Q: 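Before I ask anything, let me first share the structure, which is written out below as structure tokens.
Convention: sequence-line order gives letters A, B, ...; per-chain numbering from 1. Keep in mind that this is a model prediction, so the values were computed, not measured.
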Protein chains: 2
Amino acid sequence: MARWDPNARERLIRAAVELFAEQGYEATTINEIAQRAGGLTKTTFFRHFSDKREVLFAGQEIHSRIMSEAIAEAPESATPLEMVKSALDALASSFPQERREVGRKLRTVVVNTPELRERSASKRAAHTAATAEALRSRGVSQLGAEIAAELGTRAFYTAFERWTTSPGTKTLAEHAHEVFLELKAALAVLE
Amino acid sequence: MARWDPNARERLIRAAVELFAEQGYEATTINEIAQRAGGLTKTTFFRHFSDKREVLFAGQEIHSRIMSEAIAEAPESATPLEMVKSALDALASSFPQERREVGRKLRTVVVNTPELRERSASKRAAHTAATAEALRSRGVSQLGAEIAAELGTRAFYTAFERWTTSPGTKTLAEHAHEVFLELKAALAVLE
DNA sequence: ATAGTGATGTGACTTGGTAACGTCACCGTA
DNA sequence: TACGGTGACGTTACCAAGTCACATCACTAT
């Protein structure tokens with residue numbers, strides 16, 4: 001795996017995750033990452049990722065696309081919450097069990113690094129906005145779309161946290177289903 | 001207003017807001033800010049703010065405190081949404097009309113700068129978490145508290161946006177009241 | 001062979017952010 | 001009046017993130 005091998009992007013991601021897990025995010029230099037990814041350099045890193053944080057969140061727009069498409073394809077008669085539910089199922093189902101270990105590592109690093117928590121919050125907000133936009137083009141009102149989207153996002157993140165931190169062998173989709181039900185129950189008790 | 005005058009912190013904030021509004025955030029250097037704030041230096045800036053973004057968000061923990069206290073003091077019989085409502089009123093009422101112009105400027109800069117949008121999202125998440133925590137210590141369930149807190153935060157931010165961008169002379173508290181009602185109405189149509 | 005193309009490297013630069021150490025104003029006390 | 005202490009501030013030097021212009025390498029097609 002040397003300089004001119006293909007998949008530099010994937011190698012960079014892998015190297016970054018490894019180094020962050022070993023030494024922590026702040027203690028790891030971009031040069032280090034590039035070096036471990038087959039003797040690359042800082043410049044190449046920045047050709048693939050806009051900044052140091054992004055290497056851990058790259059490709060996350062796919063999640064928004066999955067949810068948006070599921071919402072667009074939901075049956076005519078679906079309520080906003082039903083659209084969100086099918087979007088949530090679609091997204092959660094796209095995570096194979098094998099990714100659980102990586103997810104766990106990822107989550108640990110992010111949770112322990114303010115800089116990454118910040119980026120995570122930002123991504124989460126963007127994802128919520130994209131979902132709300134998809135709901136709006138299905139005719140849902142602005143505020144209604146925002147609330148429903150927020151519920152979906154919250155369900156996903158909560159499910160992801162349980163998936164990566166709880167001992168069982170449940171699927172992410174199963175967790176998501178559960179959380180969604182709990183969320184709807186909690187909704188009923190609010191007032 | 002020279003080097004050893006008091007209120008360096010306030011002078012730094014004022015200088016930063018001015019410069020960001022004039023030249024944009026990225027085009028403004030920390031040395032510039034410190035210089036305009038009465039011949040100060042970078043070091044002094046960092047003694048008052050942990051990083052360049054923070055100068056625009058400093059003192060925002062107060063908002064969380066206001067909401068938390070209102071929730072703690074809500075009547076025994078209050079539902080979660082009623083607690084959030086009184087917290088929202090308390091927070092919105094703490095913004096005098098005079099701050100509207102500053103708020104408008106602030107918002108413009110933040111909206112046009114990715115780096116600041118990110119910090120804003122992070123602050124918003126922290127605020128939501130603090131509110132949820134306050135609700136939980138009033139006995140609300142974890143997920144219920146998170147949803148209710150999210151609704152309150154969303155109401156506040158939406159109200160703030162309307163306050164700073166709409167032409168009328170309505171108070172922030174009035175906007176917040178309206179948004180809260182709309183939010184509850186939207187909630188009912190979700191499923 | 002050669003020319004083009006895309007991925008990579010080099011080197012120099014700006015700026016955010018940190019740290020060690022020195023300096024100035026002010027205040028209380030002897 | 002002199003003295004010492006204490007914050008707030010400055011100086012200097014440094015590191016790493018991020019940008020840019022320009023050079024180089026591998027590969028492919030003509």
Q: Check the surroundings of atom CD1 in B:Ile62: do more than 12 heavy atoms from other residues, nucleotides or ligands lie under 6.0 Å from it?
A: no
Q: Look at the side-chain N and O atoms of B:His48 and state whether any lies under 4.0 Å from the OP1 or OP2 oxygen of D:dC9.
A: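 Answer is yes, contact under 4.0 Å.
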Q: Once you round it to whole Å, what is the distance between C1' of C:dG16 and CD1 of B:Ile33?
A: 11 Å
Q: Would you mind reading off the distance between A:Lys42 atom NZ and C:dG9 atom C1', rounded to a whole angstrom?
A: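 Roughly 12 Å, once rounded to whole Å.
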Q: Please verify the inter-ring angle class for B:Phe95 with B:Trp163; under 30° counts as parallel, over 60° as perpendicular, anything in between as tilted.
A: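 B:Phe95 and B:Trp163: perpendicular rings.
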Q: Separation of B:Leu12 atom CG from D:dA8 atom P, in whole Å?
A: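 B:Leu12 atom CG is separated from D:dA8 atom P by 13 Å.
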Q: Are B:Arg154 and B:Thr158 packed together at the side-chain level, in the sense that at least one heavy-atom pair is separated by less than 4.5 angstrom?
A: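 Yes, at least one pair of side-chain atoms sits under 4.5 Å.
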Q: Looking at B:Glu54, B:Gln60, B:Glu118, which one forms a side chain to side chain donor-acceptor pair (under 3.5 Å) with B:Lys123?
A: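 So the option named by the test is B:Glu54.
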Q: From C:dT8, C:dC21, C:dG17, pick the nucleotide closest to the side chain of A:Ala8?
A: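 Out of C:dT8, C:dC21, C:dG17, the nucleotide with an atom closest to A:Ala8's side chain is C:dT8.
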Q: Measure CD/A:Glu54 against P/D:dA17 and give the value in whole Å, please.
A: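 Rounded to the whole Å, the gap is 16 Å.
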Q: Measure from CD1 on A:Ile30 to C1' on D:dA17 and round the result to the nearest Å.
A: 6 Å
Q: Report the nucleotide, chosen from D:dC9, D:dT12, C:dT10, that has the shortest atom-to-atom distance to any side-chain atom of B:Thr43.
A: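 Closest nucleotide to the B:Thr43 side chain: D:dT12.
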Q: Please state how far atom CD in B:Glu26 lies from atom P in D:dA17, giving the value in whole angstrom units.
A: 19 Å
Q: With respect to the side chain of B:Arg47, which nucleotide from D:dC9, D:dC22, C:dT18 is positioned closest?
A: D:dC9
Q: Base, sugar-phosphate or nothing for B:Asn31? Non-hydrogen atoms, less than 4.0 Å.
A: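 The answer is nothing, as B:Asn31 stays clear of every strand by at least 4.0 Å.
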Q: Identify whether the distance between the nearest side-chain nitrogen and carboxylate oxygen of B:Glu191 and A:Lys184 falls below 4.0 Å.
A: yes
Q: Nearest whole angstrom, please: distance from the P of D:dA17 to the CD of B:Glu115.
A: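 These atoms are roughly 15 Å apart.
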Q: Using atom CZ of A:Arg11 as one end and atom C1' of C:dT8 as the other, report the distance to the nearest whole Å.
A: 11 Å
Q: For C:dG17, does either OP1 or OP2 sit under 4.0 Å from a side-chain N or O belonging to B:Arg53?
A: yes
Q: Phosphate oxygens OP1/OP2 of C:dT8: is one of them under 4.0 Å from a side-chain N or O of A:Thr41?
A: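 A:Thr41 to C:dT8 OP1/OP2: no side-chain N or O under 4.0 Å.
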